[in-house]
Amino acid sequence: MKQHMYDVKTVGQWIQNGERLVLAGDEKVLNQLPPGSWIGGTIPYFMTVNGGLFSQEKIYVTQMPDSATDVKVKTYTADTIDQVYLDAPPNGFSIIILPAFSKVHAAFALNSPSFEGFATSPLVGWISGVSLDEVGQAAPKTYAGNGSSRAEQAVVCHIELPPTKAADVQIINIFQQGDGDTITFASDGFSAEEACVNGQPVNFASYIQQNGIDTRLPLVANLHGAMINTSFQQVDLNAKKVDFYAPVFAGIEYRVARPVDNYVNSFQMMVPTDLGKTIYFSCNCILNYLYADLEGKQLLGITGPITFGEVAYQLLNQTMAYVVIEDI
Amino acid sequence: MQIPGARNPLWKELIRSESEYAFEFLATKIILGRLNLKFRLNNSPEELDRCVYELVAFFEKNSHVPKVQNDLKLIFGEGVRN
């Protein structure tokens, strides 16, 4: 299976040969590809077998699994993304790419847990982005194989598997809930002014400042042992509000994550050394790349795009999401 | 795999209380966490029925997955057979 970094000419030839591909790369190279059976998203950060890499020339390629019995590509807007689970095949999985900062990104992030059929079919994917130097100047994009990019549409590849195979979406999150305060919010959203800390209402921005909280550590919710992160984007003391990279949800109990000394060591302690050989597709978070300084550092040979958000059924932050195709 | 029907009282118990089963399948953890929250925010009998319906539908759709079968055995015991 083709799964790694290639130049635009090689990828273009595969597309012209009829290969079905999932691609991640900078907009400049994805725009050069011919129409064909591929989906993609913009991002110039990658985890490679040689370590974290910034490249605006190479494309990360994932070939559709040989075992796929059917592949359907669909695009979704903010008004139609609620259909994503209903469109999934009876047995198989779906790969989703959503453009960062778009309405469909926000709609998915805020509402996916309420979508009809939520989590009934494996959904894995990522939020497309741009070079950090270009944030605010260039819009992240997705591609649905016809050569034109989209800044306001999610693209999804629904992949059907035979009855002898099953897809298993999993996450690796080195962060655990810390021992500190329990934090809740009164409403869902990408930002919050007020929070309840151990049941007491506070201005959340002031609370962060007064308690010296390291905002490189995410808020962590524990859903039956699944640690779900929400990362801090900024603490605005003037506006007295806190912005997040994923929504917080009303009623969920969060705690600030326990500090991690060394991301790479912690990752290696959590992950079986041969995991990379079994993964079909994975992605990891740009915040892990930045905060853990992953450029040039490898993670047990596990590869994939480094993204502006990860999807394992719902939007996640500071997490590696991956899918394994198993024999059953 | 035979999934216990929606009238089995253990489904309601799962929705009402935040049990501490060590589930294997990520989606089991996420969907049950969401349904626990949903019921906490609206603990009406109608909402409980809706949550049970959603949970049973999830297990029925994924009952061919080995990890889901293991999760069902954690809840209902070995009486749940392949």
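Chain naming here is simple, since letters A, B, ... match the order of the sequence lines and numbering starts at 1 in each. A quick note: this is a predicted structure, and the numbers were derived from the prediction, not measured. Hydrogens, waters and symmetry mates are skipped; everything else that's a heavy atom, side chains included, is used.
- The greatest number of non-hydrogen atom pairs below 4.5 Å with chain B, out of A:Ile228, A:Asn91, A:Asn222, A:Leu123, is found for A:Asn91.
- Heavy atoms of A:Pro90 lying under 4.5 Å from chain B belong exclusively to its backbone.
- By the 30° and 60° cut-offs, the orientation of the rings of B:Phe23 relative to A:His224 is tilted.
- Of the two parts of A:Phe118, the backbone and the side chain both hold a non-hydrogen atom closer than 4.5 Å to a non-hydrogen atom of chain B.
- With hydrogens and angles ignored, the 3.5 Å screen pairs no side-chain donor or acceptor of B:Asn62 with any backbone N or O of A:Ser121.
- When heavy atoms are compared at a cutoff of 4.5 Å, A:Glu116 does not approach chain B at all.
- Looking at B:Ser19, both its backbone and its side chain come within 4.5 Å of chain A, counting heavy atoms on both sides.
- Between B:Lys29 and A:Gly225, the shortest heavy-atom distance links the atoms CD-C, 4.3 Å.
- By the 4.5 Å heavy-atom criterion applied to side chains, A:Gln170 and B:Lys67 are counted as neighbours.
- Taking all atoms of both residues into account, the shortest heavy-atom contact from A:Ala119 to B:Ala27 is O-CB, 3.7 Å.
- Across every non-hydrogen atom of B:Arg40 and A:Gly251, the tightest pair is NH1-O, 2.9 Å.
- Within 6.0 Å of atom OH in B:Tyr21, more than 12 heavy atoms from other residues, nucleotides or ligands are found, so the atom counts as buried in its surroundings.
- For the pair A:Ile328 and B:Val65, the minimum side-chain heavy-atom distance is 4.5 Å or more.
- Contacts of A:Ala250 with chain B are made by backbone atoms alone, with heavy-atom separations under 4.5 Å and no side-chain atom involved.
- Geometric assessment of B:Arg34 against the ring of A:Phe249 yields a positive cation-pi assignment under the 6.0 Å and 45° thresholds.
- With a 4.5 Å cut-off on non-hydrogen atoms, B:Leu37 touches chain A through its side chain but not through its backbone.
- Contact annotation for B:Phe59: neither backbone nor side-chain heavy atoms come within less than 4.5 Å of a heavy atom of chain A.
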Handout entry: Verdict with reasoning, B:Leu26 to A:Ile171, per side chain to side chain contact (heavy atoms under 4.5 Å, CB included)
Key = CA-CA 8 Å; B:Leu26 176 63; A:Ile171 58 174; 3.9 Å; yes
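- Both the backbone and the side chain of B:Ile30 come within less than 4.5 Å of a heavy atom in chain A.
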